[in-house]
Structure formats: C-alpha cells, structure tokens
Amino acid sequence: SEAAASLEKALEHNPQASPVLYSLGYVNQVLKDYNQADKYFSRAYKANPQDKPGLLQYILYLNSRGRGEESLEVCDQFLAKFPSDREILN
C-alpha cells in the first residue's frame with residue numbers, strides 16, 4: 001500500500017523508530033498481512049519498550065489475534081513500567 005511504502009521510506013532513515021514500526025504493524029494488520037504485522041510489532045517493542053501508545057497498540061493486536069497469553073505478558077510489562085496507567089487497560 002501507499003501508506004506502507006511511505007513508512008518504509010521513513011524507516012530507512014531511522015530503522016529503530018518505534019512509532020514508524022508500530023504504524024507499519026498496524027498497516028499490515030489492516031491489510032491482513034499478519035506475518036508482516038507480527039514482524040513490525042515485535043521489532044517496535046524491542047526497539048522501544050517504553051513507547052506507551054505503541055505498547056497499547058501491540059496489546060490490542062495480540063488480543064485481536066487470539067494470543068491472549070502473549071497479550072497478558074505485555075500487559076504485565078506495561079503495568080510494571082506505567083503503574084499509574086492501570087485504568088487504561090480496563
């Protein structure tokens with residue numbers, strides 16, 4: 001897609017840009033290319049595990065794919081990093 005191509009170009013300048021990686025994960029999720037979505041969400045998480053909006057997006061993605069156990073693991077990590085944001089996950 002055009003959106004993915006633009007994001008890929010941005011990634012060339014900064015391969016560890018977690019917002020771009022999370023966005024590519026989301027674009028591929030929408031396109032139902034789940035292998036690519038997995039790849040980008042995982043890379044984004046590894047690149048910046050402190051990216052609060054990205055973590056929330058990753059949690060939702062994992063849950064939507066029926067990967068509840070993985071989703072809960074990331075939720076636990078989110079809460080360990082951001083305990084005052086517990087209400088976001090309710």
Side-chain angles (χ1 to χ4, degrees):
S1 79
E2 191 174 322
S6 294
L7 290 165
E8 287 283 355
K9 192 160 188 75
L11 205 55
E12 290 174 11
H13 299 286
N14 184 357
Q16 299 300 311
S18 63
V20 176
L21 290 165
Y22 279 119
S23 295
L24 278 163
Y26 179 73
V27 166
N28 282 284
Q29 178 184 4
V30 169
L31 296 173
K32 298 183 181 345
D33 186 344
Y34 301 116
N35 288 333
Q36 285 294 96
D38 282 346
K39 178 179 97 171
Y40 286 117
F41 279 124
S42 178
R43 274 182 63 191
Y45 180 66
K46 289 175 185 166
N48 184 4
Q50 302 296 326
D51 183 334
K52 191 184 302 187
L55 282 171
L56 291 170
Q57 192 174 16
Y58 190 32
I59 291 165
L60 291 171
Y61 169 74
L62 290 170
N63 196 47
S64 75
R65 298 294 301 143
R67 293 162 59 183
E69 190 171 312
E70 288 173 84
S71 178
L72 288 174
E73 287 175 21
V74 178
C75 276
D76 288 343
Q77 293 167 15
F78 177 91
L79 290 171
K81 292 172 185 145
F82 309 107
S84 64
D85 289 325
R86 177 175 291 282
E87 290 183 23
I88 291 174
L89 298 174
N90 288 334

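In this text the structure is predicted, and so the values were computed from the model without any measurement.
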Test of understanding: clusters of I, L, V, M, F, W, Y form through side-chain heavy atoms closer than 4.5 Å, transitively. Do Leu62 and Ile88 belong to the same one? yes
Apply side-chain contact (heavy atoms from CB on, under 4.5 Å) to residues Asp38 and Arg67 and explain how you reach the verdict. CA-CA 11 Å; Asp38 282 346; Arg67 293 162 59 183; 2.7 Å; yes
Say whether Ile59 and Leu79 are linked into one hydrophobic cluster, either directly or through other cluster members, by side-chain heavy-atom distances under 4.5 angstrom. yes
Step through the shown structure and confirm whether more than 12 heavy atoms of other residues, nucleotides or ligands are within 6.0 Å of OH on Tyr26. no
Describe, in one word, how the ring planes of Tyr58 and Tyr22 are oriented to each other, choosing from parallel (under 30°), tilted (30 to 60°) and perpendicular (over 60°). tilted
Do you know the tightest heavy-atom contact between Gln16 and Leu21? C-CD1, 4.2 Å
Answer yes if Leu31 and Val20 sit in the same cluster of Ile, Leu, Val, Met, Phe, Trp and Tyr residues linked by side chain heavy atoms under 4.5 Å apart, and no otherwise. yes
Within the supplied structure, the quantity of interest is the number of heavy atoms (other residues, nucleotides, ligands) at a distance under 6.0 Å from Arg86 CZ; does it exceed 12? no
To the nearest 0.5 Å, tell me how far Phe41 CZ sits from Gln36 CD. 12.0 Å
On a heavy-atom basis, the closest approach of Val27 and Ala3 is CG2-CB, 4.4 Å
Could you check if a side-chain atom of Arg43 sits within less than 4.5 angstrom of a side-chain atom of Pro15, using non-hydrogen atoms only? yes
Does a sphere of radius 6.0 Å around CD in Glu69 hold more than 12 heavy atoms from other residues, nucleotides or ligands, not counting ones at 6.0 Å or beyond? no
side-chain contact (heavy atoms from CB on, under 4.5 Å), that's the test. Do Tyr34 and Tyr61 meet it? Break it down for me. CA-CA 10 Å; Tyr34 301 116; Tyr61 169 74; 3.9 Å; yes
Which heavy atom of Leu55 sits nearest to which heavy atom of Phe82, and what is that distance? CD1-CE1, 3.9 Å
All heavy atoms of Asp51 vs all of Gly54, minimum pair found to be OD1-N, 2.9 Å
Main-chain N/O of Pro49 paired with Lys81 side-chain donor or acceptor, under 3.5 Å: yes
Which heavy atom in Ala4 sits nearest to a heavy atom in Leu24, and how many Å separate them? O-CD2, 3.7 Å
Closest heavy-atom pair, Tyr40 versus Leu11, reported as atoms and distance to 0.1 Å, is CE2-CD2, 4.1 Å
